[in-house]
Amino acid sequence: MDYSETLDDNYSSDFGLSTEILDYLRETAKWAKFIAIVGFVFVGIMVLASIGMSVFMGSLSSDFGALGFPFSPMLIVAVYLIMALIMFVPI
């Protein structure tokens, strides 16, 4: 194989992929990259929101017990961070 050849040319001849299928795969790759970028942005927003909530809820932590919340406010922050971590892996 010559190093100037693209892998698409080699795969299309070996596996019998038509140009139509390759065009569909290229279009799908573009959408997958776009969705991944949007996903990373949303994960970043979730992390920033959890940091903001930790600051806000930390200042109100003494009031949460009086209001009757059965859990710690930092539990919500931890859940947001865990959700962001879980979302980060497939993205």
Side-chain angles (χ1 to χ4, degrees):
M1 180 171 102
D2 187 17
Y3 289 112
S4 63
E5 292 180 31
T6 61
L7 291 176
D8 291 337
D9 294 336
N10 191 18
Y11 284 133
S12 65
S13 64
D14 289 344
F15 295 117
L17 297 177
S18 68
T19 57
E20 184 179 8
I21 292 172
L22 290 173
D23 290 338
Y24 286 135
L25 287 174
R26 285 186 190 102
E27 186 71 23
T28 303
K30 290 177 188 176
W31 279 105
K33 288 179 186 177
F34 172 73
I35 291 171
I37 291 170
V38 170
F40 282 127
V41 168
F42 279 118
V43 167
I45 290 172
M46 284 183 70
V47 170
L48 290 176
S50 68
I51 292 170
M53 284 191 309
S54 70
V55 170
F56 177 71
M57 289 184 175
S59 65
L60 296 177
S61 64
S62 62
D63 296 335
F64 274 93
L67 293 175
F69 283 104
F71 50 85
S72 169
M74 291 301 153
L75 180 66
I76 298 172
V77 174
V79 168
Y80 261 78
L81 287 175
I82 290 170
M83 285 176 27
L85 180 67
I86 291 172
M87 287 176 57
F88 180 78
V89 173
I91 291 174

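All values below were derived from every heavy atom in this structure, side-chain atoms included, with hydrogens, water molecules and symmetry-related copies excluded. Quick note: residue numbers are just sequence positions, from 1.
The hydrophobic clustering, which links ILVMFWY residues whose side-chain heavy atoms are closer than 4.5 Å, places Trp31 and Val41 together. Val38 and Ile45 end up in the same hydrophobic cluster when Ile, Leu, Val, Met, Phe, Trp and Tyr side chains are linked at under 4.5 Å.
With rounding to the nearest 0.5 angstrom, the CD atom of Glu20 is 11.0 Å from the CG atom of Leu25. Here the CG-OG distance, from Asp23 to Ser18, works out to 8.0 Å after rounding to the nearest 0.5 Å. The OG1 atom of Thr28 lies 10.0 Å from the CD1 atom of Ile35; values are rounded to the nearest 0.5 Å.
Heavy-atom neighbours of Phe40 CZ from other residues, nucleotides or ligands within 6.0 Å: above the threshold of 12.
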Check: residues 79-91 side-chain donor-acceptor pairs under 3.5 Å, at least two apart:
none

